[in-house]
Amino acid sequence: MTGGGGRRKMRFQQIEQQPEQVISMTVRTRFAPSPTGQVHIGNIRAAIYNWLFARHHGGRFLLRIEDTDRVRSTDEAVQAVLEALTWLGLEADEPPVYQSRQQAAHRAAAEQLLSSGRAYRAAKGEAGQGEVVLFRMPDHALEFTDEIKGPLRKAAADMQDFVLVRSDGTPVFHLANVVDDVAMGITHVIRGDDHIENTYRHVALYQALGAPLPRFAHLPMIVNAQGKPYSKRDGAAYVGDFRSRGFLADALFNYLVLLGWSPGDDREIMSRAEMIADFSLERVQSKAAQFDERKLAWFNGQYVRALPLATRVAACADVLRAHGIEAEPTYLAQVVDLLAERLQFITDIPTQAAYFFTEDYPVDAKAVRKRLGTAEARERLAEARAALAAAPGFTAPELEEVVRELAERRAVSVGVYIHPLRVAASGSAAGPGLFDMLAVLGRERVLARVDRSLAEPSA
RNA sequence: GACCCCAUCGUCUAGGCAGGUCCAGGACACCAGGUUUUCAUCCUGGUAACACGGGUUCGAAUCCCGUUGGGGUCGCCA
């Protein structure tokens, strides 16, 4: 059985759950996390697809907090969900629905099922736990056409009755989920494919409740390098992890959208508008996708570089401030502009550009040995120092002119001066163009650092 | 174990529903070269895949069957 092709062909041999016009009706999708912890990367991708699908069809994207597990659900987790959605720009179109507040409706549905004979009371499991309400599964096979997987079918013999209401009177996931989806008018249920088995039960529930069936789309999982479900042990697994590690929301969004979906052409970097315009469940992959943080990092670099300078400067200022560095805005803007192509993460700024802000910057010992380790190198550095000091002004073109002139005069490659100067002025062998860097650093700082280098005992 | 899902470069994928134009295209990563004072960016080139076996067909990555491999589900969790 091969992916998309087969499933799309077969779809039309099946009876549709809803008329084709469904798409022209108002599409309503929802993200329904259970607030028991941080928001997992796989869940947020489901949220993204729900959002994109709703936007594509001019419909609505809703949020439902499935907090019926009172023991494990926490307010902090609810906050985490809200923050993750806001950060990624996935605002819901209506106020969030809290499942725990819908219990009256859940109970009413159970009563309805009880009186119609589709559910029954029974003492199940260990003695002493009391009575539960069980749903009576139909005695015929159940089938539905998944928007991603194609026609799916389950024989009656492979399905058992299941609990709808616990012995303590609280509704179980299946009941609450379906009742709420009906109440919220959800037309398309887009969720992880670990829910496929549940869907048969849900289909039976919708039918028993006399509610119209939504369309279902089951997304494949996100797996790690071992092909196992992606978890915290595989590095960043939660939305908050990515955020704190310096990933941009747009970069993560773009990467995640493409992890399991493609526009059908060669585009990689896409705007939200493009994604919305082109998104379709038909093009969602049906096999699990392996998370590749290196590609995510590449996306991040692309997005960081595309940031307007002012935005990048502000973001860098925040990161620096968190590191106890208060940078003067104009100066910082020069530094950030200088580092433009070299920043893949905004959070790299403190380590990558420390020497711009403090005299206590890290020094690469290896670079010092290589570029300042010989008597000759130090002599060249001294010559360069004199040239810099004699420069008419301390702008990049002026500095470049005096140093190149010096090299010409001594008939040596200009690199002979550049490399020692770079290490003496920044402590590093890598960095922006030397003359621009020196100009931004300023005469005083540069000369002082060079003098300090010259004063240190040679290796 | 039962039931279900999945299978194109190392990874994400295009192509598959309408079989030939695919000795399989793009991106990340990797390798080489170029640009450059370094690093990064950027540019050029390269290595690299249709899981296997049958079948249908003049012709299969594309259709069918099977095998193998991977995954999911079998809770008074969600």
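Throughout, a chain's letter reflects where its sequence line sits, starting with A, and its residues are numbered from 1.
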Of the residues in residues 410-424 of chain A, which ones touch RNA chain B at a heavy-atom distance under 4.0 Å?
-> Ile418(A), His419(A), Arg422(A)
Taken in chain and number order and not counting sequence neighbours, the residues that satisfy salt bridge (Lys or Arg N to Asp or Glu O under 4.0 Å) with Asp265(A) are Arg267(A)
Shortest non-hydrogen pair, His56(A) vs Ala277(A), comes out as CE1-O, 3.0 Å
Using the P atom as the reference point in each nucleotide, state the distance between C4(B) and C65(B) in Å, no decimals.
-> 14 Å
Enumerate the residue pairs fulfilling ring pair (Phe, Tyr, Trp, His ring centres under 6.0 Å) with a member in residues 147-170 of chain A, sequence neighbours excluded, ordered by first and then second residue.
-> Phe135(A)-Phe162(A), Phe162(A)-His174(A)
Using only side-chain N and O atoms of Ser34(A), determine if any of them is under 4.0 Å from OP1 or OP2 of C77(B).
-> no
Would you mind reading off the distance between Leu338(A) atom CG and U38(B) atom P, rounded to a whole angstrom?
-> 16 Å
Please determine if Lys366(A) and Asp364(A) form a salt bridge, counting it only when a charged side-chain N lies under 4.0 Å from a carboxylate O.
-> no
How close or far is atom C1' of C74(B) from atom CZ of Arg201(A), stated in whole angstroms?
-> 8 Å
Can you tell me how far P of C77(B) sits from CD of Glu197(A), to the nearest Å?
-> 19 Å
Who pairs with Phe435(A) by ring-ring contact (aromatic ring centres under 6.0 Å, His included), at least two apart in sequence or on another chain?
-> none
Sorted by chain and number, sequence neighbours left out, salt bridge (Lys or Arg N to Asp or Glu O under 4.0 Å) with Arg449(A) holds for Glu359(A)
Heteroatom pairs (N/O) under 3.5 angstrom, protein to nucleotides 9-13 of chain B:
| residue | atom | partner | partner atom | Å |
| --- | --- | --- | --- | --- |
| C12(B) | OP1 | Gln290(A) | N | 2.8 |
| C12(B) | O2' | Leu258(A) | O | 3.0 |
| U13(B) | OP1 | Gly260(A) | N | 2.7 |

Does Arg64(A) have a side-chain nitrogen or oxygen under 4.0 Å from the phosphate oxygens OP1 or OP2 of A78(B)?
-> no
Round to the nearest Å and state the distance from Asp337(A) atom CG to U41(B) atom C1'.
-> 14 Å
Phosphate contact (U37(B) OP1 or OP2) by Arg404(A) side-chain N/O below 4.0 Å = yes
Sorted by chain and residue number, the side chain to side chain donor-acceptor pair (under 3.5 Å) partners of Ser73(A) (sequence neighbours excluded) come out as none
Nearest of A40(B), G25(B), G72(B) to any side-chain atom of Glu341(A)?
-> A40(B)
Provide, to the nearest angstrom, the distance between the CE atom belonging to Met137(A) and the C1' atom belonging to C3(B).
-> 13 Å
What nucleotide among C76(B), C77(B), C5(B) has an atom nearest to a side-chain atom of Leu152(A)?
-> C5(B)
Options U37(B), G71(B), C76(B), nucleotide nearest the side-chain atoms of Val132(A) = C76(B)
Just compare C4(B), C76(B), G72(B) and give me whichever is closest to any side-chain atom of Ile196(A).
-> C4(B)
Would you mind telling me which residue lines up with the more 5' stretch of RNA chain B, Leu296(A) or Gly433(A), judged by nearest nucleotide?
-> Leu296(A)
Residues that Arg443(A) engages under salt bridge (Lys or Arg N to Asp or Glu O under 4.0 Å), provided they are two or more places apart = none
For the pair made of OH in Tyr98(A) and P in A78(B), what is the distance, rounded to whole Å?
-> 18 Å
Which residues within residues 297-305 of chain A lie with some heavy atom under 4.0 Å of an atom in RNA chain B?
-> Trp298(A), Gln302(A), Arg305(A)
Rounding to the closest angstrom, what is the interatomic distance between G26(B) and A49(B) at atom C1'?
-> 14 Å
Among G25(B), C77(B), C3(B), the nucleotide that comes nearest once only the side chain of Asp266(A) is considered | G25(B)
Parallel, tilted or perpendicular: rings of Tyr255(A) and Phe291(A) (30°, 60°) | perpendicular
Who are the salt bridge (Lys or Arg N to Asp or Glu O under 4.0 Å) partners of Arg385(A), not counting sequence neighbours?
-> Asp451(A)
Has the side chain of Ser286(A) got a donor or acceptor that lies under 3.5 Å from a partner of the other kind on the base of C6(B)?
-> no
Rounding to a whole Å, what distance do you find between Ile269(A):CD1 and C28(B):C1'?
-> 11 Å
Hey, which of these two, Lys228(A) or Leu343(A), hits RNA chain B nearer its 5' end, going by closest nucleotide?
-> Leu343(A)
Of the listed nucleotides C76(B), A78(B), A40(B), the one nearest the side chain of Arg342(A) | A40(B)
For Pro229(A), answer base if it contacts any base atom (sugar-phosphate contacts may also be present), sugar-phosphate if it contacts only those atoms, and nothing otherwise; contact means non-hydrogen atoms under 4.0 Å.
-> sugar-phosphate
Ranking G72(B), C76(B), A78(B) by distance to the side chain of Asn198(A), first place goes to A78(B)
Please tabulate, for the side chains in residues 427-434 of chain A, all donor-acceptor contacts under 3.5 angstrom to protein atoms that are two or more places apart in sequence or on a different chain.
| residue | atom | partner | partner atom | Å |
| --- | --- | --- | --- | --- |
| Ser428(A) | OG | Ala430(A) | N | 3.0 |
| Ser428(A) | OG | Ala430(A) | O | 3.0 |

Minimum-distance nucleotide (side-chain atoms of Gln99(A) versus A78(B), C6(B), U38(B)) | A78(B)
Using the P atom on both, measure G66(B) against A24(B) and round to a whole Å.
-> 30 Å
Quickly work out the Leu438(A) CG to U37(B) P distance and round it to whole Å.
-> 15 Å
Which class fits the ring pair Phe216(A) and Phe144(A): parallel under 30°, tilted 30 to 60°, perpendicular over 60°?
-> perpendicular
Using the P atom as the reference point in each nucleotide, state the distance between G10(B) and C6(B) in Å, no decimals.
-> 23 Å
Over 60° means perpendicular and under 30° means parallel, so classify the ring planes of Trp261(A) and Phe279(A), tilted if in between.
-> tilted
Scan the side chains in residues 343-353 of chain A for donor-acceptor partners under 3.5 Å anywhere in the protein, sequence neighbours excluded, and list what turns up.
| residue | atom | partner | partner atom | Å |
| --- | --- | --- | --- | --- |
| Gln344(A) | NE2 | Ala297(A) | O | 3.0 |
| Thr351(A) | OG1 | Asp348(A) | O | 3.0 |
| Gln352(A) | NE2 | Arg342(A) | O | 2.9 |

